[in-house]
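Order of the sequence lines fixes the chain letters, A, B, ..., with proteins taken first and strands second; residue numbering starts at 1 for each chain.
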Amino acid sequence: MAVHNRDIAEAFRRMADVLDVEGENPFRVRAYRQAAATLESLPRDVGDMVAAGEDLTRLPGVGEDLANKIREIVTTGHFRALEEELSHLPPGLADLVRIPGLGPKRVRALYQLLGIESIEDLKKAAEAGEVANLPGFGARTEARILEEIARLGATERRLRLIDAEHIANPLTSWLEACPGVGRVLVAGSFRRRKETVGDLDILVTAADGADVTRRFSKHPDVTEVLSAGPTRATVRVGGGFQVDLRVVDENAYGSAALYFTGSKAHNIELRKLAIRHGWKLNEYGLFAGE
DNA sequence: TGGCCGTACTG
DNA sequence: CAGTACG
DNA sequence: GCCA
């Protein structure tokens with residue numbers, strides 16, 4: 001029974017979720033998620049690497065400790081550290097952090113204040129209107145939670161590039177015709193030409209961002225507005241596909257295109273590089289000093 | 001051994 | 001402000 | 001947790 005990279009990545013992600021809810025050091029949590037991402041993008045089977053006696057610490061984000069844990073999972077099929085951590089929590093609790101809008105703090109609050117231990121519990125509590133009363137929550141958050149839970153059962157929401165393009169094209173045309181809008185660029189994984197994309201990231205230049213996000217939120221295909229401010233709006237269109245719109249001034253177009261095209265890991269590396277040079281990189285430009 | 005990306009929206 | 005999310 |  002071979003253990004595949006995907007299985008190990010899943011185990012590491014689960015470990016991250018559990019540690020997250022337990023309030024562990026966020027950087028340690030991040031380390032597990034980073035290692036999971038490395039394993040998933042790895043062209044080779046780590047099981048083979050282990051069998052060949054290769055040095056797993058050469059993999060980015062994998063140090064001595066995680067290399068040992070990978071070997072343990074591959075050779076024994078068990079991940080004792082995860083089993084140990086899981087024994088500290090109700091088994092379904094860590095699943096809650098996979099609901100968009102729920103992070104570790106809110107999950108803890110749900111558990112401690114309402115005794116919610118699973119998605120099932122959460123659904124009942126939200127339907128009863130008990131969630132909206134919690135500190136840090138509100139009617140809007142509660143409604144969002146119910147929608148996200150309903151979406152969990154739905155079919156996988158990543159789209160093939162070509163299908164994403166069919167959604168993107170009319171939105172792009174619409175935005176180009178929008179008053180005050182200059183450039184329009186579909187960025188993110190779509191621009192990176194990944195085989196599938198999980199959402200659309202559309203960058204627009206305009207002087208009055210609030211006006212654009214406001215108009216966009218009222219687009220006829222928009223079925224749900226997750227957030228909308230003066231420079232960004234996150235909505236869902238048609239079949240529940242998420243679209244992130246970012247509006248910047250014309251003079252930030254280049255930096256914003258760089259940022260919005262990603263990947264996330266690439267952005268972090270570039271920003272680290274800037275730091276090493278004593279600079280600061282963000283979506284508005286590259287700046288000197290702190 | 002200490003730092004770990006930088007910013008936007010919500011409650 | 002803390003929490004969560006975005007690349 | 002990893003890494004310089």
Notebook entry, point to check: Taking only N and O in the side chain of A:Tyr284, is any of them less than 4.0 Å away from OP1 or OP2 of B:dA8?
Noted result: yes
Notebook entry, point to check: Given atom CZ of A:Arg33 and atom C1' of D:dG1, what is their separation to the nearest angstrom?
Noted result: 12 Å
Check: Take atom CZ in A:Arg58; do more than 12 heavy atoms of anything else shown fall under 6.0 Å from it?
Finding: no
Check: Just checking A:Val29: base, sugar-phosphate only, or nothing, at a heavy-atom cut-off of under 4.0 Å?
Finding: nothing
Notebook entry, point to check: Checking A:Thr213 side chain against A:Gly229 main chain: does a donor-acceptor pair fall under 3.5 Å?
Noted result: yes
Next item on the list: Calculate the interatomic distance between A:Phe137 atom CZ and C:dA2 atom C1'; express it in whole Å.
Entry: 12 Å
Check: Roughly, in whole Å, what's the span from NZ in A:Lys105 to P in C:dA5?
Finding: 13 Å
Margin query: salt bridge (charged side-chain N to carboxylate O under 4.0 Å, His left out) for A:Glu269 and A:Lys264? Distances and angles first, verdict last.
Written below: CA-CA 9 Å; A:Glu269 286 307 310; A:Lys264 173 183 177 180; over 6 Å; no
Check: In residues 220-252 of chain A, what residues come within less than 4.0 Å of DNA chain D, judged by heavy atoms?
Finding: none
Checklist line | Proximal nucleotide (of C:dA5, D:dG1, B:dT10) relative to the A:Arg140 side chain | finding: B:dT10
Next item on the list: Could you give me the CA-CA distance, side-chain angles and deciding distance for A:Glu72 and A:His78, then say whether side chain to side chain donor-acceptor pair (under 3.5 Å) is met?
Entry: CA-CA 7 Å; A:Glu72 180 197 1; A:His78 284 273; over 6 Å; no
Item checked: Nucleotide B:dC4, atom P - distance to NZ of A:Lys280 in whole Å -> 14 Å
Notebook entry, point to check: Across the strands shown, which category fits A:Leu270 at heavy-atom distances under 4.0 angstrom: base, sugar-phosphate, nothing?
Noted result: nothing
Note to self: Nearest whole Å is fine: how far is D:dC3 P from A:Leu59 CG?
What the structure shows: 9 Å
Next item on the list: With heavy atoms under 4.0 Å as the rule, sort A:Glu269 into base, sugar-phosphate or nothing.
Entry: nothing
Margin query: The side chain of A:Tyr259 is closest to which nucleotide in this list: D:dG1, B:dG6, C:dG3?
Written below: B:dG6
Note to self: Within 45 degrees of the ring normal and closer than 6.0 Å to the centroid, is that where the cationic atom of A:Arg193 sits relative to A:Phe190?
What the structure shows: yes
Notebook entry, point to check: Near DNA chain B, under 4.0 Å by heavy atom, which residues of residues 189-203 of chain A?
Noted result: none
Notebook entry, point to check: Has A:Glu10 got more than 12 heavy atoms of other residues, nucleotides or ligands less than 6.0 Å from its CD?
Noted result: yes
Note to self: If I take atom CG in residue A:Leu134 and atom P in nucleotide C:dT4, what distance separates them, rounded to the nearest angstrom?
What the structure shows: 13 Å
Checklist line | Euclidean distance for P, B:dC5 against D:dC2 (whole angstrom) | finding: 16 Å
Next item on the list: Determine the contact category for A:Pro135: base if any of its heavy atoms lies under 4.0 Å from a base atom, sugar-phosphate if only primed atoms, P, OP1 or OP2 are that close, otherwise nothing.
Entry: nothing
Next item on the list: Consider the side chain of A:Asn267, meaning its heavy atoms from C-beta on, and name the nucleotide among C:dT4, C:dG7, B:dA8 that approaches it most closely.
Entry: C:dG7
Notebook entry, point to check: Under 4.0 angstrom, heavy atoms only, what part of the nucleic acid is A:Phe27 near: base, sugar-phosphate, or nothing?
Noted result: base
Item checked: Nearest-nucleotide comparison on DNA chain B, the residue closer to the 5′ end among A:Ala139 and A:Arg271 -> A:Arg271
Margin query: What's A:Pro104 touching, base or sugar-phosphate or nothing? Going by heavy atoms closer than 4.0 Å.
Written below: sugar-phosphate
Next item on the list: Any ring pair (Phe, Tyr, Trp, His ring centres under 6.0 Å) involving residues 157-186 of chain A? Give me the pairs, sequence neighbours left out, ordered by first then second residue.
Entry: A:Trp174-A:His219
Check: Within the side chain of A:Asp208, is there an N or O that forms a donor-acceptor pair under 3.5 Å with the backbone of A:Asp211?
Finding: yes
Next item on the list: Would you classify A:Leu19 as touching base, sugar-phosphate or nothing, given that sugar-phosphate means primed atoms plus P, OP1 and OP2, and contacts are heavy atoms under 4.0 Å?
Entry: nothing
Next item on the list: Would you indicate, yes or no, if D:dA4 has its OP1 or OP2 atom less than 4.0 angstrom from a side-chain nitrogen or oxygen of A:Arg276?
Entry: no
Next item on the list: Looking at every strand, decide which applies to A:Thr261 at a 4.0 Å heavy-atom threshold: base, sugar-phosphate, or nothing.
Entry: sugar-phosphate
Next item on the list: Name the residue closer to the 5' end of DNA chain B, choosing between A:Arg106 and A:Lys264 according to the nucleotide with the nearest heavy atom.
Entry: A:Lys264
Check: So, A:Phe12 versus A:Phe79, ring centres under 6.0 angstrom or not?
Finding: yes
Item checked: Atom-to-atom span, NE2 of A:His277 to P of B:dC5 - whole angstrom -> 16 Å
Next item on the list: For the pair A:Arg144 and A:Glu148, find out whether any cationic side-chain nitrogen is under 4.0 Å from an anionic carboxylate oxygen.
Entry: yes
Next item on the list: Look at all strands and tell whether A:Leu258 reaches a base, only sugar-phosphate, or nothing, counting heavy atoms closer than 4.0 Å.
Entry: nothing
Next item on the list: Look only at the side chain of A:Asn5 and the backbone of A:Val46, and say whether a donor-acceptor pair between them is shorter than 3.5 Å.
Entry: yes
Notebook entry, point to check: Roughly how many Å is it from CZ in A:Arg144 to C1' in C:dG3, rounded to a whole number?
Noted result: 13 Å
